[in-house]
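Structure first, then comments.
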Amino acid sequence: MEEKQGVKIGMPIIGGLIAAILGGIVWAAIAAMTEYEVGLIAILIGALTGYAVVLFSNKRIATVHKVIAVMFALVGILLGKYLTVVYFTSELFGDVSVMELVFDSEMISAFAETFQDYFSQPIDLLFIVLAIVSAWQIPGRMARTSLASDATSSDHAPRA
């Protein structure tokens with residue numbers, strides 16, 4: 001899993017996972033504070049996972065890194081939606097804490113059964129597509145920027 005044709009993917013996977021978890025938590029926290037889901041957070045999750053994959057790959061980007069960034073952007077969005085549902089469920093049943101519900105099998109089953117309801121609005125799909133685009137493009141752009149800066153720095157290097 002670590003290396004495929006000279007491309008390292010282990011650390012980028014870890015970076016994407018960390019970004020997805022942080023993004024999902026931020027999504028739920030903003031939803032809890034505002035009592036409103038802010039779709040722009042999905043785009044930020046895409047950007048965050050893309051950046052994390054680049055950072056954890058030492059700016060050596062291949063197509064597989066873009067796929068990793070997209071997958072973890074979707075994981076982050078799903079986690080954000082799930083944590084938001086958990087928060088509002090705990091608020092509804094005041095005697096149950098968020099931490100009790102996060103890993104509750106009934107909560108997970110209920111979320112899985114009603115999964116489509118959370119992604120049924122066209123605006124949800126729009127923000128998911130924008131998150132995917134953002135997660136896909138950032139690694140490529142950052143890699144090109146890195147290659148360009150490497151090329152210009154080697155042009156100015158003293159020659160022996």
Side-chain angles (χ1 to χ4, degrees), residues 1-4 7-59 61-143:
M1 181 171 114
E2 174 61 33
E3 215 168 300
K4 186 175 182 177
V7 176
K8 295 183 184 230
I9 62 171
M11 289 304 290
I13 287 173
I14 291 170
L17 178 62
I18 292 168
I21 292 169
L22 289 175
I25 291 170
V26 167
W27 177 309
I30 290 173
M33 288 187 291
T34 64
E35 295 188 9
Y36 182 76
E37 281 191 316
V38 181
L40 292 173
I41 301 299
I43 299 169
L44 294 176
I45 290 173
L48 183 63
T49 57
Y51 180 76
V53 166
V54 170
L55 187 66
F56 279 70
S57 69
N58 291 325
K59 295 187 178 181
I61 300 300
T63 301
V64 69
H65 294 109
K66 294 177 178 185
V67 172
I68 291 168
V70 167
M71 288 182 355
F72 281 112
L74 294 173
V75 167
I77 291 167
L78 184 64
L79 180 64
K81 288 274 192 180
Y82 176 70
L83 293 175
T84 300
V85 169
V86 166
Y87 172 77
F88 286 114
T89 301
S90 75
E91 288 290 304
L92 186 64
F93 300 107
D95 60 337
V96 183
S97 76
V98 171
M99 291 309 293
E100 288 178 53
L101 287 177
V102 167
F103 300 108
D104 183 68
S105 61
E106 288 181 37
M107 185 71 207
I108 294 168
S109 295
F111 182 79
E113 289 171 12
T114 58
F115 174 81
Q116 282 183 305
D117 297 342
Y118 304 113
F119 298 98
S120 61
Q121 298 297 316
I123 195 76
D124 290 329
L125 300 176
L126 172 66
F127 282 117
I128 290 169
V129 167
L130 292 174
I132 289 169
V133 168
S134 150
W136 182 268
Q137 287 186 342
I138 284 180
R141 288 184 180 179
M142 290 185 73

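Note that the structure is predicted; figures quoted are calculated from it, not measured.
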I would like to know whether T84 and W27 meet side-chain contact (heavy atoms from CB on, under 4.5 Å); could you show each step before the answer?
CA-CA 8 Å; T84 300; W27 177 309; 3.4 Å; yes
Would you sort out whether V75 and M71 count as a side-chain contact (heavy atoms from CB on, under 4.5 Å), showing the intermediate values?
CA-CA 6 Å; V75 167; M71 288 182 355; 5.6 Å; no
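When all heavy atoms are compared, the tightest approach of I13 to F72 is O-CE1, 3.6 Å. Taking all atoms of both residues into account, the shortest heavy-atom contact from P139 to V54 is CA-CG2, 3.2 Å. Across every non-hydrogen atom of E37 and A31, the tightest pair is CG-CB, 4.3 Å. Of all the heavy atoms in A131 and A42, the pair that sits closest is CB-O, 3.1 Å. Shown here for A52 and A19, the closest heavy-atom pair between the two residues is CB-CB, 3.7 Å. Closest of all the heavy-atom pairs between A73 and T49 is CB-OG1, 3.5 Å.
One finds the CE atom of M107 at 13.0 Å from the CD atom of E100 (value rounded to the nearest 0.5 Å). In this structure, D124 CG and K81 NZ are separated by 4.0 Å, a value rounded to the nearest 0.5 Å. Here the CG-OG distance, from L44 to S134, works out to 8.0 Å after rounding to the nearest 0.5 Å. Taking OH from Y87 and CD from E35, the interatomic distance works out to 6.5 Å, rounded to the nearest 0.5 Å. In this structure, CD1 in I21 is found 7.0 Å from CG in L79, a value given to the nearest 0.5 Å. Annotation: the span from F93 atom CZ to F88 atom CZ amounts to 14.5 Å, rounded to 0.5 Å.
Put simply, the side chain of F127 does not reach to within 4.5 Å of the side chain of I41, judged on heavy atoms. I9 places none of its side-chain heavy atoms less than 4.5 Å from the side chain of F56. The shortest distance between side-chain heavy atoms of L78 and F119 falls below 4.5 Å.
Checked by atom type and distance alone, the side chain of S120 pairs as donor or acceptor with a backbone atom of D117 at under 3.5 Å. Of the possible polar contacts, none joining the H65 side chain to the G50 backbone as a donor-acceptor pair under 3.5 Å is found.
Ring geometry, F111 versus F115: the interplanar angle exceeds 60°, so the pair is classed perpendicular (tilted spans 30 to 60°).
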